[in-house]
Amino acid sequence: MPRMGAPREIHAVAAGQLEARPGLDALVGGGGLSPDRRRAFALRLDRYWPDLEAAVAELHPDPQVADGLLARLVRAAATAYAERPADLHELDQHRLLTPDWLQQPGMFGYACYADRFAGDLRGVAERLDHLEELGVTYLHLMPLLAPREGDNDGGYAVRDYRAVRDDLGTTEDLRDLATTLRGRGISLVVDLVLNHVAREHEWAARARAGEAAYRDYFHVFPDRDLPDAYERTLPEVFPDFAPGSFTWDDELAGWVWTTFNEWQWDLNWANPAVLAELAEVILWLANLGVEVLRLDAIAFLWKRMGTSCQNQPEVHAITQALHALTRMAAPAVAFKAEAIVGPRDLVQYLGTGRHAGRVSDLAYHNSLMVQIWSMLATGNTILARQAFHALPPTPGTGTWVTYVRCHDDIGWAIDDSDAHAAGVTGPGHRHFLADWYAGTFPGSWAEGLVFQANAETGDRRISGTAASLAGHEEARILLAHAIAAGWGGIPVIWSGDELAQPNNPGWADEAGHADDNRWAHRPRLDWGLASARDDRSTLAGRVFSGLAHLARVRAGLPQLHASADTIVLPDTDDGVLAVVRRHASGPMVGLYNVSAERRPFHLHRLRAEGLAAPYDALSGQVLEAGGDGVLWLPAYAAWWVVDR
């Protein structure tokens, strides 16, 4: 029988890294690693070696290259394991006993910029009562690793992966915050930009200085022949202020691949050294106490001529390698794929085929967000039902991050075939949504801003806070969040939306923001509103109370465990979205009226789903129909129906 674990020589490599070194005793509690702890690493190495070996072989078929990379990766994992603090080893053990921790219905998320939320990392630690009252168990702090000076794409142009932004604090402040959050039952989520680094990063600086090894960390071309060939099939991400995907650099004496901005240099993931470098960064962040890493721009990692250079198969092999390595050293750490891609490609980031259960643990349900706003604009669910029905099944080990909006603009990712099946055209509906949320369509209540209008295609993306996009209407705001929270997965609220903050009218006044109206929906948290969050006489107080109520009710519903199947019922009233979640504890039906008028739903359909005594868990009311057996949902109603 062939050996399934790591070969003997790889165990020897790991053993060498597990030896006590100066300074190690203080990190692991004195005395070096115990025999039990050494044995635990050996077991993990054997468990995840096949995943790591297969992923590296897919990326690097040359055995000599693959063997060298594998040895370096295992050394990194063993070193990180040996240096991992005792409290994080304990967290690892807890997570190994609860592998579905991210799927629990008690998970409830919040995302913010640390400085716009509370000034700096220490300020965040002082404001945790606000988050706990809201029910937060998952805190995503937007890019906080040291970026380049000046324009830096909101922090996504990283100058140093191992340093924190000067204005936010230090890496020790980050470690202290992670520890404080963990003590209060909140997992820290941090961005890791994988596709590119800032032009000012050490690797780029050494490439410009003429070091061939670092030049190979990037895609560099001496002339325009290959860049022109690639660009025939490359979409532009920021056509207004960063057209094209290549930039000439005088110091480099070449054209460098720059998907996003001229000062964001795409990394060459075909170079094994790049994978090794980023693996070591991941393990370093894990040992600071980061529990979830948001893998930014992951869809763009692998370049292939004649394609869009997105969603290539090698992306999933890269993720599998990083996933296996992290499981060896720090199994408490999870990956979240930031893949804002077409609906058909999205589910692959949660693991399908040979990568099932071996890549990211979380992925953004971008389609759900788009369809929520589409339903609210039209008061109609036909397109949404079609789009959800067409989505591939979700892997049982994968978990969606659901949201009403995020820090980014909203791109109207409406699939043309879904639109056709629903009786509209893709371009026509995308144009309607852009008009509606820009407030230019007759009867629109929205107050969004057009972002990145494409004159050739007519496509326009939209910026705006949830309150501004929903016309400052409490019922629409809470309905949108109820759909996201009732879908399963981890619902995440963007900072300020819990207080119904409007667009920031002075968004362009801050340095570097004038050309990017997304800063309109990234307001500094209004602590005046927050201090009165219990005041039900204000919109802010009612929305905060409503969202906190969603989190409390959600935590008590096992049907909202993320592994449960989500099925959209067909043939409902056009204004009603009916979502069935089937769980061993019993079914749940989410009923959502996306229109401004009351809408019918037949009681017998709840009975058919196994609900003998249906009641709405959100209101606590028993659902009773009239003599005709019809339930009437009020305008913008959200019901989570379970058995009494």
Side-chain angles (χ1 to χ4, degrees), residues 3-28 31-86 88-89 92 161-162 171 192 194 202-203 206 213-214 216-217 267-288 290 293 317-333 335 358:
R3 178 180 174 85
M4 295 302 293
R8 184 176 303 169
E9 58 270 24
I10 287 295
H11 274 278
V13 167
Q17 302 308 118
L18 293 175
E19 296 297 331
R21 298 181 301 282
L24 177 60
D25 289 356
L27 289 167
V28 298
L33 294 181
S34 69
D36 285 347
R37 192 163 286 182
R38 289 170 178 268
R39 178 61 178 159
F41 183 82
L43 289 171
R44 291 185 202 167
L45 177 58
D46 280 343
R47 163 63 183 85
Y48 291 105
W49 172 259
D51 292 354
L52 180 63
E53 185 181 38
V56 168
E58 182 177 346
L59 297 168
H60 301 290
D62 182 340
Q64 187 172 356
V65 174
D67 289 349
L69 177 57
L70 285 165
R72 179 174 174 180
L73 293 174
V74 169
R75 280 195 296 270
T79 299
Y81 178 84
E83 295 175 349
R84 193 155 170 79
L88 293 178
H89 275 294
D92 290 336
Y161 284 117
R162 295 177 188 260
T171 54
L192 180 64
L194 294 181
E202 179 190 1
W203 302 338
R206 294 178 74 167
Y214 286 95
D216 287 344
Y217 276 37
L267 290 165
N268 176 16
W269 280 87
N271 180 348
V274 169
L275 191 152
E277 293 269 21
L278 267 297
E280 290 164 7
V281 169
I282 286 172
L283 297 173
W284 180 79
L285 289 169
N287 279 359
L288 286 181
V290 175
L293 286 164
I318 290 168
T319 314
Q320 178 172 312
L322 297 174
H323 179 273
L325 200 68
T326 306
R327 287 294 190 270
M328 291 177 189
V333 174
F335 288 170
R358 295 178 172 89

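On a predicted model such as this, the values are computed, not experimentally measured, just so you know. If you read the sequence from its start, that first residue is 1, and numbering goes on from there.
Using the six-membered ring where Trp is involved, Phe41 and Tyr81 have ring planes that are tilted, between 30° and 60° apart. Using bins of under 30°, 30° to 60° and over 60° for the plane-to-plane angle, the ring pair Trp203/Tyr217 lands in the perpendicular bin.
Without hydrogens or angle criteria, Gln17 side chain to Ala76 main chain gives no donor-acceptor distance under 3.5 Å. Judged by distance alone, the side chain of Asp51 and the main-chain N or O of Ala324 form no donor-acceptor pair under 3.5 Å.
His60 approaches Pro272 most closely through the heavy-atom pair CE1-CD, 3.6 Å. Heavy-atom minimum distance, Leu192 versus Ile282: CD2-CG1, 3.3 Å. Closest of all the heavy-atom pairs between Arg75 and Val13 is CG-CG1, 3.1 Å. Minimum interatomic distance between Trp269 and Leu275 (heavy atoms only, all atoms of both residues): CZ3-CA, 3.6 Å. In this structure, Ala78 and Leu18 approach most closely via the heavy-atom pair O-CD2, 3.5 Å. Across all non-hydrogen atoms, the minimal contact from Val333 to Leu293 is CG1-CD1, 4.3 Å.
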Exercise. Kindly indicate, with the supporting measurements, whether the criterion side chain to side chain contact (heavy atoms under 4.5 Å, CB included) is fulfilled by Leu59 and Ile318.
Key: CA-CA 8 Å; Leu59 297 168; Ile318 290 168; 3.8 Å; yes
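Checked against salt bridge (charged side-chain N to carboxylate O under 4.0 Å, His left out), Arg206 has the following partners two or more places apart in sequence or in another chain: Glu202, Glu211.
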